[in-house]
Amino acid sequence: MKIATYNVNGVNGRLPVLLRWLHETAPDVVCLQELKAPQEKFPLKAIEDAGYQAIWHGQKSWNGVAILSRGHEIQELRRELPGDEEDTHSRYIEAIINNMVIGCLYLPNGNPAPGPKLEYKLGWFERLHAHAAELLTHDVPVILAGDYNVMPTELDVYKPERWVDDALFRPEVREAFKNLVDQGWTDALRKIYPNEVIYTFWDYFRNAYGRNAGLRIDHFLLSPHLKKRLLNAGVDKEVRGWEKSSDHAPTWIELSEE
DNA sequence: ATGCCCGTGACACACGGA
């Protein structure tokens with residue numbers, strides 16, 4: 001079973017790229033982030049014509065998350081991260097698919113830092129930490145996939161020294177990610193590529209993709225049940241080079257059946 | 001230190017992104 005995550009940076013602006021990628025790689029489940037579309041503007045017909053069911057939580061202009069599934073029913077569990085009634089951002093959606101809980105998340109960016117946006121990010125991380133711990137108590141396979149907006153280590157940044165004050169790489173943000181993983185999660189990409197440089201994002205500026213000046217910020221965290229089922233993982237890097245691409249590339253894992 | 005390049009919303013440029 002192949003599961004992917006892709007920050008599309010505008011689901012309607014990205015639709016030709018998204019459909020081509022779905023057609024060429026046929027993932028079973030896809031977590032999308034940054035739809036940048038209100039609920040009623042999600043391109044459901046095109047997604048269905050491509051062979052997928054979908055649930056999504058849109059928002060005008062910003063944020064927005066979706067889960068697509070080909071073949072397996074989607075049973076939605078929630079469409080917001082618990083813990084803050086006043087958080088209006090569409091950044092989390094969760095479902096049961098094929099006997100697994102799949103959480104699709106878009107963690108806040110946090111810049112400029114320090115400041116209220118970084119505080120929001122760290123607060124969101126605390127809520128994710130609490131919810132992730134709760135999920136682990138249920139003894140069911142769980143995947144937390146999405147754009148975490150964190151480079152976990154120096155290996156995940158083309159020039160670490162330039163990013164130390166940035167909200168994607170500040171020590172407290174890396175620590176929040178590490179604390180989450182230390183609950184017992186497996187960082188799937190790093191498990192498959194323990195020492196390799198592997199990026200999921202390249203800025204639109206400065207020919208970042210051409211220079212491979214990238215970041216690894218899209219992650220799969222696997223609950224203990226799934227660690228032994230992890231067969232492979234990767235980044236569809238070439239998609240970043242397509243015309244009208246997102247600044248992120250699709251990232252995926254392959255799991256064995258049971 | 002800053003802009004670079006994008007999508008969105010709405011019609012010019014502001015905003016957010018990472």
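We name chains A, B, ... by the order of the sequence lines, and we start the count at 1 in each one.
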Discussion item. Tell me whether A:Arg91 forms a cation-pi arrangement with A:Tyr106, defined as NZ or CZ under 6.0 Å from the six-membered ring centre and within 45 degrees of its axis.
Written reply: yes

Practice prompt. Mind calculating the distance between CD (A:Glu34) and C1' (B:dC15) to the nearest angstrom?
Written response: 12 Å

Worksheet item: Quick one: A:His219 NE2 to B:dA18 P, roughly how many Å, whole number?
Response: 12 Å

Practice prompt. Look at the side-chain N and O atoms of A:Tyr106 and state whether any lies under 4.0 Å from the OP1 or OP2 oxygen of B:dA18.
Written response: yes

Discussion item. Can you see whether A:Phe169 has A:Arg174 sitting over its ring - NZ or CZ less than 6.0 Å from the centre and within 45° of the normal?
Written reply: yes

Practice prompt. Tell me which nucleotide among B:dA18, B:dT8, B:dG7 gets nearest to the side chain of A:Leu168.
Written response: B:dA18

Worksheet item: A:Lys41 has an atom NZ; how far is it from atom P of B:dG7, in whole Å?
Response: 16 Å

Worksheet item: Using a cut-off of less than 4.0 Å, is there contact between a side-chain N or O of A:Asn9 and OP1 or OP2 of B:dC5?
Response: no

Worksheet item: Does the side chain of A:Asn111 get closer than 4.0 angstrom to OP1 or OP2 of B:dA18 through an N or O atom?
Response: no

Worksheet item: Under 4.0 Å between a side-chain N or O of A:Lys36 and OP1 or OP2 of B:dG17?
Response: no

Worksheet item: Has A:Tyr204 got its ring stacked on B:dC6, by the test of a centre gap below 5.5 Å and a plane angle below 30°?
Response: no

Worksheet item: Base, sugar-phosphate, or nothing: which does A:His89 touch, judged by heavy atoms less than 4.0 Å apart?
Response: nothing

Worksheet entry | Touch class at under 4.0 angstrom, heavy-atom based, for A:Asn63 against every strand present | nothing

Worksheet item: Relative to each other, are the rings of A:His219 and A:Phe177 parallel, tilted or perpendicular (30° and 60° limits)?
Response: tilted

Worksheet item: At under 4.0 Å between heavy atoms, what does A:Asn149 touch on the DNA or RNA strands: base, sugar-phosphate, or nothing?
Response: sugar-phosphate

Fill in: Length of the CG-P vector between A:Leu35 and B:dG7, whole Å
15 Å

Worksheet item: B:dC5 phosphate, OP1 or OP2: any side-chain N/O from A:Arg206 under 4.0 angstrom?
Response: no

Worksheet, complete the sentence: Atom CG of A:Asp147 and atom C1' of B:dG17 are separated, to the nearest Å, by 10 Å

